[in-house]
Amino acid sequence: MGGWDVLLSPVILFFVLGALAAFARSDLSIPESIAKGMSLYLMASIGLKGGVQVAAAGLSVEILLAAVAGLALSFLIPVPAFLLLRRAGRLDPINAAAVAAHYGSVSVVTFVTGVETLSAAGMPPAGYMVAVMALMETPAIIIGLLLARRTSGAALPTRGGLFHETVLNGSVVLLLGSFLIGFITGKEGFAPVAPVFDTAFRGVLCLFLLDMGLIAARRLQDARALTARTAALAVLLPICNGTIGVLTGALIGLDTGSAAALGILAGSASYIAVPAVIRLTLPQADPGLYLGMSLAVTFPFNITLGIPLYTMLAERIVGS
Amino acid sequence: MGGWDVLLSPVILFFVLGALAAFARSDLSIPESIAKGMSLYLMASIGLKGGVQVAAAGLSVEILLAAVAGLALSFLIPVPAFLLLRRAGRLDPINAAAVAAHYGSVSVVTFVTGVETLSAAGMPPAGYMVAVMALMETPAIIIGLLLARRTSGAALPTRGGLFHETVLNGSVVLLLGSFLIGFITGKEGFAPVAPVFDTAFRGVLCLFLLDMGLIAARRLQDARALTARTAALAVLLPICNGTIGVLTGALIGLDTGSAAALGILAGSASYIAVPAVIRLTLPQADPGLYLGMSLAVTFPFNITLGIPLYTMLAERIVGS
Amino acid sequence: MGGWDVLLSPVILFFVLGALAAFARSDLSIPESIAKGMSLYLMASIGLKGGVQVAAAGLSVEILLAAVAGLALSFLIPVPAFLLLRRAGRLDPINAAAVAAHYGSVSVVTFVTGVETLSAAGMPPAGYMVAVMALMETPAIIIGLLLARRTSGAALPTRGGLFHETVLNGSVVLLLGSFLIGFITGKEGFAPVAPVFDTAFRGVLCLFLLDMGLIAARRLQDARALTARTAALAVLLPICNGTIGVLTGALIGLDTGSAAALGILAGSASYIAVPAVIRLTLPQADPGLYLGMSLAVTFPFNITLGIPLYTMLAERIVGS
Amino acid sequence: MTETVERRRIEVLVDAPLVKSVVRASEEAGIRGYTLLPTLGGAGAGGRWSDDQVSGAQSKVIFLTVTTEAKCDVLTDRLAPILESHGLVLFISPVDVVRAEKF
Amino acid sequence: MTETVERRRIEVLVDAPLVKSVVRASEEAGIRGYTLLPTLGGAGAGGRWSDDQVSGAQSKVIFLTVTTEAKCDVLTDRLAPILESHGLVLFISPVDVVRAEKF
Amino acid sequence: MTETVERRRIEVLVDAPLVKSVVRASEEAGIRGYTLLPTLGGAGAGGRWSDDQVSGAQSKVIFLTVTTEAKCDVLTDRLAPILESHGLVLFISPVDVVRAEKF
Ligand SMILES: Nc1ncnc2c1ncn2[C@@H]1O[C@H](COP(=O)(O)O)[C@@H](O)[C@H]1O
Ligand SMILES: Nc1ncnc2c1ncn2[C@@H]1O[C@H](COP(=O)(O)O)[C@@H](O)[C@H]1O
Ligand SMILES: Nc1ncnc2c1ncn2[C@@H]1O[C@H](COP(=O)(O)O)[C@@H](O)[C@H]1O
Ligand code: NA
Ligand code: NA
Ligand code: NA
């Protein structure tokens, strides 16, 4: 299957169906608890499968390199993003910092969809990329808060602080936890649960992306906070970051699939873990803006155009 | 498996279990969001599978004929139903029109259960019947509203109007959308999602019918609005409409399974799409009445007795 | 797989992950309706599979013996438990009776996990043990109420009374109902729904135990009502009761797996069916106490240590 | 202008298994109409709780009814002695309604 | 001490498919802010109901808004004639708010 | 007749991630008991929203507490300056309770 044929796979078509239904203002909707349940399932699945693969392939220096690269990307990407959002986007410091944190972090669903399409195209990324993704989820938040300089912390008491909200964030814990479980049990222990966590994966992803299409398109319609400038940046940022990600992957010697996956991670923007922490730590920032950009523009862009783009780039640079 | 043996399949037995539990006033209940999720899954599944089948069989005149027949049935059935409900049921025009709209439309779950039992009996209906079902969902509403003559629209403002509430109704969009996705991706594209949308289908249907048994029986117990007359009509109407459906199917030359399916569609009454639209457009009509008839009487009748009846009829007329 | 290796199966590891996440105060959580849905699924599955197995093996005197033994255990266990809770636990009569009722009854999830690990170890318990479990759910409540002597029934009107709340309790109805459906349809009728109710079972159990780990650990943290004494009793009681269960199983001639299963049933404490009935019938009893003991201490103990313990015991006594 | 009359709005926070009993108590007080609302969690003298449907024994529901002062007093008298033992919380507030005869 | 002003709190219990219409009626009364709350079940002249999303036609939602007395009267007048026919229930109660200009 | 005393009922509509902070602010005001209620959606100056748990950052929860006028004032003073910046909505209304010492 070539790079763009993937747009005609059921997974992507269900996403498009959801978006079209929302644009046509159909009342189609998936209960929120079902959507939450499916997202937990997808995270547990991808974590388990990554762990099983690493258990089979064994630990290596490559893994360490990829982890360091992922961390570095998550720490560094917010800085140029912040400057771009301040200048080109004309955002105030608080909002620019909040948005920058989202683009430094990652979108699990974008990654999952990317892995599916890369695997279908015969270039499955290495199993450890799941762990890299989990590592990339939260560092960007810290940089974002530093960029915002003075947080609103004084106004409302927050106990426990950032550690709990970031490192112990539910999705990080589930991803790393399942990864570890997969690593411990290995292929043999995974076999009896494979019908649920492997065979059913793609079908559930279809239904989840149907919901994501609905949510993204509805948010785009309700998004008063988005201007032409910020919407354009929400397309420009993933392209730049994704390219940086692929280049970094090529530089540290990853295979084509893994380099593309690193590009997908760098190019994606968080809309689950980061918004919750930012709402808590930078409550003055506008959720309509950061969710509008990451969820309503960047996410659909990545699912439809970004993933094939980063894949093509990786094929050109690393070779296919 | 003969026509009546089907009553001992797990699918039907779970429905009976639900109904018995509710009659015994057990507190067994399935969370509403789970039930909603399962119903969305069933619609996506049946849509996909129908589309894949049509992609394999190719488009034909037969499809066009079946579509026209389905539309005609949905448009026409409400008229005699209205007259019957006015005279024999002694309903006022508003309520008679509201109920008539329900019987002109279709019940997705009845159809799905019918397809399962027809397939198990070796007479699977043609794949395009799913599209016919989607087409039959909404025309009856328009006739129902015309029959009610003066709607209560003046009292509360309704923007967008009927188009959104009917043609863009969630279940219609999901059914036709999945049908299209199945048609586009074809058998090959369907394979990776088949474990979820095909293999798991019957098991999920069991759990969903368990819930439908609970809901239908509880509604029957709470139904103050049902009289002996309306309850009797809720059995008579499906028999008449189902017979008309099978005859129409035979007339236009459908195979046994498809003719039976058209009978099931004609004989079934909506309790998802139509009630929501009628509540909005004819708010004075009594939901206790139309849901009582369609959900608490006609639905259980069709699941247990109606489906084997229409099947037998089709076997007699078309041959088996 | 030896008795303790089971601690490294995905099922148990997900439970541990949930508990650790909750102890670390991560915000990981599974929507309650999803958890409820999974628990209904597990009950329907285990019921069906038990029924299918009995249909294959045929009815026998052994079944009757096991049923009588189970009933006797559920009726008798609360009495010594009550005395122990009064004396060693220093509880007032109402609370001691409430807790005793929980330990006389059973935990479905503990049983399900036990069946999984016993089967993985090559000693699957007999199919009829599911029916024995359903029988053991409610008798203990009656004894508990008798022990509490004067219930608070005078204060609030309760119609229908105990019969509905116990025998027609949702989980009892679902377990026995599915068992019956499995028995009626047999292996052949079960085949088409096996992908959902059999193949997917272990994977769903993983996700459910992840949630149970979260719930149990969170309850332990919030448990003001637990003292060192009551916590110690929540470990002592399952050990005693479990041993009694295994001995009883050996006495009536059950095979190793079934005797271990009877031990698991006797050793487990209810946290679904019984708390709801006790809250209604003994509203003065402290839910923080009985749920704290059964759900926050006994349940995790049984999942991790109890099941291997009762299994070892059964292997020693009955032979493996 | 639409005419409104004053009535009493009663909210009772109650554990899910006890809802039926509160409904019955209100019916005995002559109250026909009520609505049940869900909750997510909370805290009180009995500690913190949050809704897990698995052991539904501690899920809480709000029983809401609007009624006359007289019936409100009957229901309050009926429930007052058991508020403590059954862990109920009860609030009463004034409310204006249209269609006086209905409430 | 923070200054508060009195406003009206309006709650309308409405069937899910009719929510959009009530929102529109409130917009026509000049009301911009509102919140929707879920319900679980209830009983009234029309019998008992409990939420099953399968036939969502009878799921009920509470439309809650806090507004000035003037706008409250406009909305009440707008809804009063159809309360009966559309099965709506409407409660009004006094409430104090900070940031008077917002409500 | 059961004796009742007047208290204040405070409702704060707050985004889910900020709930813990509001709870802490109320604890600092000496408030021990509260209940959290779910919402479905709404609209305000910040536009329309509806609950999607996927990006839970904008799910809103109602923090409900009944307390004395004094503690109510403390909590209101504590929250008033940040209502705007944190997107909170706060309502206060009178309520009668049984068991005065509890609230
Ligand atoms: N002052 C209060 N305001 C609102 N809800 C309360 C209050 N006090 C108690 N509650 C609720 O009532 C439940 C039982 O209260 P308690 O009996 O004090 O544990 C608590 O868990 C809260 O959900
Ligand atoms: N007095 C009341 N207090 C609270 N809710 C009520 C009251 N009366 C009716 N309701 C609610 O409004 C719905 C419709 O009422 P009705 O039109 O009387 O059937 C009922 O099902 C209840 O949920
Ligand atoms: N007048 C009001 N009545 C009820 N809820 C309101 C009102 N104004 C705002 N809200 C709720 O508070 C949220 C935030 O309001 P705002 O800060 O104005 O966007 C809205 O989305 C509504 O859910
Ligand atoms: Na990124
Ligand atoms: Na029909
Ligand atoms: Na036990």
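In what follows, every chain begins at residue 1, and chains take the letters A, B, ... in the order their sequences are listed. In this text the structure is predicted, and so the values were computed from the model without any measurement.
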*asked:* Among L262(B), I264(B), L175(B), exactly one meets side chain to side chain contact (heavy atoms under 4.5 Å, CB included) together with M133(B). Which residue is that?
replied: L175(B)
_Residue of the set L291(B), V297(B), L226(B), L214(B) for which side chain to side chain contact (heavy atoms under 4.5 Å, CB included) holds with R219(B)_ = L291(B)
*Region of L210(B) in contact with chain C, defined by heavy-atom distances below 4.5 Å*: side chain
*Identify which part of F14(B) has an atom lying under 4.5 Å from any heavy atom of chain C, answering side chain, backbone, both or neither.*
both
*Over all atoms of both residues, closest heavy-atom pair of G189(C) and V193(C)*: O-CG2, 4.5 Å
*Any idea how F299(C) and Y271(C) line up, ring-wise: parallel (<30°), tilted (30 to 60°), or perpendicular (>60°)?*
perpendicular
*Determine the option with the most heavy-atom pairs under 4.5 angstrom with chain C, choosing from L17(B), L20(B), L205(B).*
L17(B)
*Heavy atoms under 4.5 Å from chain C: which residues of residues 21-30 of chain B carry them?*
A21(B), A24(B), R25(B), S26(B), D27(B), L28(B), S29(B), I30(B)
*Between S33(C) and S33(B), is any side-chain donor less than 3.5 angstrom from a side-chain acceptor?*
yes
*Verify whether one side chain among S171(C) and E137(C) offers a donor that lies under 3.5 Å from an acceptor in the other.*
yes
*NZ or CZ of K49(C) within 45° of F201(C) ring axis and under 6.0 Å*: yes
*In terms of heavy-atom proximity below 4.5 Å to chain B, should I34(C) be classed as side chain, backbone, both, or neither?*
both
*Interface moiety of T199(C) toward chain B, non-hydrogen atoms closer than 4.5 Å*: neither
*Do you know which of L180(C), I184(C), L40(C) has the most heavy-atom pairs with chain B at a distance under 4.5 angstrom?*
L40(C)
_Quick test of your reading: applying side-chain hydrogen bond (donor to acceptor under 3.5 Å, both in side chains), list the pairs with at least one residue in residues 10-22 of chain B, sequence neighbours left out, ordered by first then second residue._
none
_If you take the centroid of each ring, where Trp contributes its six-membered ring, are F183(B) and F190(B) closer together than 6.0 Å?_
no
